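Notes follow once the structure below has been shown.
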Amino acid sequence: MLGNFTYCNPTKLYFGKEALNGLREELKKYGKNVLLVYGGGSIKKNGIYDRVVGILKEAGKEIFEDAGVMPNPTVEKLAEGVQRARAAKADLILAVGGGSVCDYAKAVSVSVNCDEDPWEKYYIRFEEPACPVLPVGCVLTMVGTGSEMNGGSVITNHAQKLKIGHVFGPEVFPKFSILDPEFTFTLPRYQMVAGFYDIMSHILEQYFSGEDDNTSDYLSEGLLRSLIHSTRIAAKDPQNYEARSNIMWTATWALNTLIAMGKTTDWEVHMIGQAVGAHTDATHGMTLAAVSMAYYRLILPFGLPKFKRYALNVWGVDPAGKTDEEIAKEGLSAMESWMKEIGLVMNLSELGVTEDMLDGIVKSTLIMEGGYKVLTPDEVRTVLKESL
Ligand code: NZQ
Ligand code: ZN
């Protein structure tokens, strides 16, 4: 049965080759002080920085910079950003970058007017903001996380060996996001395909849960088929606008809350992947790719009807003369072939994980309850061991 829900997604999107023009319109809504947040410098090399700064100046804004947001942003960097936002008396935080930059901007936005320690408040106790939240706008340069249209914000605490995401409510969603597929053309192949798998995983985390007849699952199958089709093209021809634009749009819908409405969700692959990230600082999408096959093969018997449906509706497996289990397994094999075809990392060793790290990674893994099997710590270890 479709569960009850309230649906609200307040993020305004500007999509396509002229999308950056939307920034001019949006800037009229906010005060003079803009905190411009970005990463390690890719936007300076590809010219996006100059274009954004040009528009900010044209709009008469005072620009305060907060650069150097690293992939998997840390709690220490967050503390620095909060100080910068306070010193700037920022009216708007403009995040120009990938999921890390967007997530970080949201973390700053909920912390700037709050006296408590943000790590403890939001990432350990999962509280909601009890203070005014600064508006965030986003110019996206890397596709995958869906951070451009959701309230997700993932922060890493290396000292505690934890990487944790808080999913904030609509007041923390970006007020607007600029999505120009061409802004992603300079991504290194490794980051590009890691993002492709992040999208895949987001959809699967929401699809592989529950047994009811749910519209969201039909939406997910459509998104998955589009994603598989377009990523095959983009892996061969990264500058293919049609494929890259479809992938960008799929990424947004994969994690903007729509396909989770009225149904349960899993997220265990993300919990294991994030624990791997906390121990290795590896690229998010690759941590998911490395553990997925072992996880799905382990839970397949507990969710057989959905795995069969996945094989038939997403991978086009021919069911003739096969048992349900054979069909379901063939679906996962087709998925594995696609993962190899687009160039994903298929094992944890390649991400720097060694056997002596497994116990620590198990301890850092949160156990979710929405999947087809609630894992025991031993089973988490089994998934990790098989993924080495
Ligand atoms: O820092 P710069 O120099 O910009 O380089 C970045 C970075 O090294 C580079 N890059 C981005 N756009 C580029 C580019 N290089 C060349 N050309 C461009 N156009 O790519 C590298 C990775 O960027 P990053 O932002 O870290 O990647 P991604 O978008 O995958 O974000 C990953 C973070 O998002 C979190 C992850 O855990 C991770 O911390 N997630 C956020 C979610 C959410 N908000 O809902 C959900 C996800 O499941 C995920 O957990
Ligand atoms: Zn993800």
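Values reported hereafter were calculated over all heavy atoms of this structure, with side chains retained and with hydrogens, waters and symmetry mates removed. For ligands, and for the atoms within them, numbers begin at 1 and follow the listed sequence. All values reported here derive from a predicted model rather than from experimental measurement.
- Counting heavy atoms closer than 4.0 Å to ligand 1, residue Leu255 contributes side-chain atoms (C-beta onward) but none from N, CA, C or O.
- Taking a cut-off of under 4.0 Å to the non-hydrogen atoms of Ser147, the atoms of ligand 1 that pass are 44 (N).
- Close approach of ligand 1 to Gly39 is summarised as follows: ligand atoms under 4.0 Å from at least one heavy atom of the residue are 1 (O).
- Proximity of Asp198 to ligand 1, defined as any heavy-atom pair under 4.0 Å, is confined to the side chain (atoms from C-beta onward).
- Checked against a 6.0 Å centroid threshold, the rings of Phe168 and Phe173 do not count as neighbours.
- With a 4.0 Å cut-off on non-hydrogen atoms, Ala194 does not touch ligand 1 at all.
- When the heavy-atom distances from atom 24 (P) of ligand 1 to Gly97, Ser100, Ala67 are ranked, the shortest goes to Ser100.
- Looking at Asn150 against ligand 1, only its side chain comes within 4.0 Å, counting heavy atoms.
- Close approach to Asn72 involves these atoms of ligand 1, each under 4.0 Å from a residue heavy atom: 38 (C), 39 (O).
- For the pair Glu379 and Lys385, the salt-bridge criterion is not met [side-chain N within less than 4.0 Å of a carboxylate O].
- Considering backbone and side-chain N/O of Pro73, none are found under 3.5 Å from N/O of ligand 1.
- Val96 has its side chain out of reach of Val37: every pair of non-hydrogen atoms, C-beta onward, lies at least 4.5 Å apart.
- Summary of contacts: the protein heavy atom closest to atom 29 (O) of ligand 1 is Gly99 N, 2.7 Å.
- Heavy-atom contacts from other residues, nucleotides or ligands closer than 6.0 Å to NE2 of His158 number more than 12.
- Closest of all the heavy-atom pairs between Phe183 and Leu140 is CB-O, 3.9 Å.
- The heavy-atom pair separating Ser111 from Val82 by the smallest distance is CB-CG2, 3.6 Å.
- Among protein heavy atoms, atom 3 (O) of ligand 1 sits closest to Ser42 N, 3.0 Å.
- The closest approach between a heavy atom of Gly41 and any atom of ligand 1 is below 4.0 Å.
- Checking Asn46 against Thr186 by side-chain atom types alone, a donor-acceptor pair falls below 3.5 Å.
- Salt-bridge formation is detected for the pair Glu336/Arg297: a Lys NZ or Arg NE/NH1/NH2 atom is positioned less than 4.0 Å from an Asp or Glu carboxylate oxygen.
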Can you list, pair by pair, the side-chain donor-acceptor contacts under 3.5 Å of residues 299-312, counting residues two or more places apart and other chains?
residue : atom : partner : partner atom : Å
Lys306  : NZ   : Tyr207  : O            : 2.6
Lys306  : NZ   : Asp217  : OD2          : 3.1
Lys308  : NZ   : Asp324  : OD1          : 3.1
Arg309  : NE   : Glu221  : OE2          : 2.6
Arg309  : NH2  : Glu221  : OE2          : 3.2
Tyr310  : OH   : Trp315  : NE1          : 3.1

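- With respect to atom 46 (C) of ligand 1, the closest heavy atom belonging to the protein is Thr145 O, 3.7 Å.
- Ligand 1 lies out of reach of Cys102, whose nearest heavy atom is not under 4.0 Å from it.
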Problem set entry | CA sep, side-chain torsions, deciding dist, call: Tyr49, Tyr38, ring-ring contact (aromatic ring centres under 6.0 Å, His included) | CA-CA 9 Å; Tyr49 173 88; Tyr38 58 97; 5.5 Å; yes
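- Annotation for Lys322: atom NZ counts as buried by contact number, over 12 foreign heavy atoms lying within 6.0 Å.
- Per-atom contact check: atom 6 (C) of ligand 1 does not touch the protein, criterion being a heavy-atom distance below 4.0 Å.
- Distance from atom 22 (C) of ligand 1 to its nearest protein heavy atom, with residue and atom name: Gln191 OE1, 3.4 Å.
- Protein heavy atom closest to atom 44 (N) of ligand 1, with residue, atom name and distance, is Asp103 OD1, 2.7 Å.
- Given atom 49 (C) of ligand 1, the protein heavy atom at minimum distance is His284 NE2, 3.3 Å.
- Polar contact with ligand 1: present for Thr141 (N/O pair, distance under 3.5 Å).
- The closest approach between Leu187 and ligand 1 falls below 4.0 Å for a heavy atom of the residue.
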Under 3.5 Å, which donor-acceptor pairs link side chains of residues 251-259 to any protein atom two or more places apart or in another chain?
residue : atom : partner : partner atom : Å
Thr252  : OG1  : Glu148  : OE2          : 2.7
Thr252  : OG1  : Met248  : O            : 3.2
Asn256  : OD1  : Leu258  : N            : 3.3

For this session: Decide yes or no on salt bridge (Lys or Arg N to Asp or Glu O under 4.0 Å) for Lys263 and Glu211, but give the supporting numbers first.
Result: CA-CA 9 Å; Lys263 75 182 297 277; Glu211 277 148 22; over 6 Å; no
Taking only distance into account, with no hydrogens and no angle test, what donor-acceptor pairs under 3.5 Å do side-chain atoms of residues 345-352 form with protein atoms, sequence neighbours excluded?
residue : atom : partner : partner atom : Å
Asn347  : OD1  : Ser349  : N            : 3.4
Asn347  : OD1  : Glu350  : N            : 3.1

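- Note on Asp91 versus Lys61: no salt bridge recorded, every NZ/NE/NH1/NH2 to OD/OE distance being 4.0 Å or above.
- Ser364 places a side-chain N or O within donor-acceptor distance of the main-chain N or O of Lys161, the cut-off being under 3.5 Å.
- Electrostatic pairing of Arg244 and Glu182 does not count as a salt bridge here, judged by no charged N lying under 4.0 Å from a carboxylate O.
- Under 4.0 Å from ligand 1, heavy atoms of Thr186 appear from its side chain as well as its backbone.
- Using a 4.0 Å cutoff on heavy atoms, Lys163 counts as a contact of ligand 1.
- The structure places CD of Gln191 at 11.0 Å from CG of Asp198, a figure rounded to the nearest 0.5 Å.
- With a heavy-atom cut-off of 4.0 Å, Asn46 touches ligand 1 through its side chain alone.
- The proximity of His270 to ligand 1, defined as any non-hydrogen pair under 4.0 Å, is limited to the side chain.
- Of all protein heavy atoms, the one closest to atom 27 (O) of ligand 1 is Met142 CG, 3.7 Å.
- Annotation: cation-pi geometry satisfied between Lys17 and Tyr241 (NZ/CZ under 6.0 angstrom from ring centroid, within 45° of ring axis).
- The protein heavy-atom contact nearest to atom 1 (O) of ligand 1 is Gly40 N, 2.7 Å.
- Every atom of ligand 1 with a heavy atom of Pro188 under 4.0 Å away is listed here by number and element: 15 (N), 16 (C).
- For the Zn ion (ligand 2), the count of nearby protein N, O or S atoms, meaning those under 2.8 Å away, is 4.
- Taking the charged nitrogens against the carboxylate oxygens, Lys77 and Asp66 do have a contact shorter than 4.0 Å, which makes a salt bridge.
- Contact annotation: His202 has at least one heavy atom less than 4.0 Å from an atom of ligand 1.
- Only backbone heavy atoms of Phe183 (N, CA, C or O) come within less than 4.0 Å of ligand 1; its side chain stays farther off.
- Side-chain N/O atoms of Asn72 and His284 include no donor and acceptor closer than 3.5 Å.
- Where the criterion is an N or O separation shorter than 3.5 Å, residue side chain and backbone included, Gly152 meets it with respect to ligand 1.
- Ligand-side atoms of ligand 1 in range of Pro71: 7 (C), 8 (O), 26 (O), range being under 4.0 angstrom from any heavy atom.
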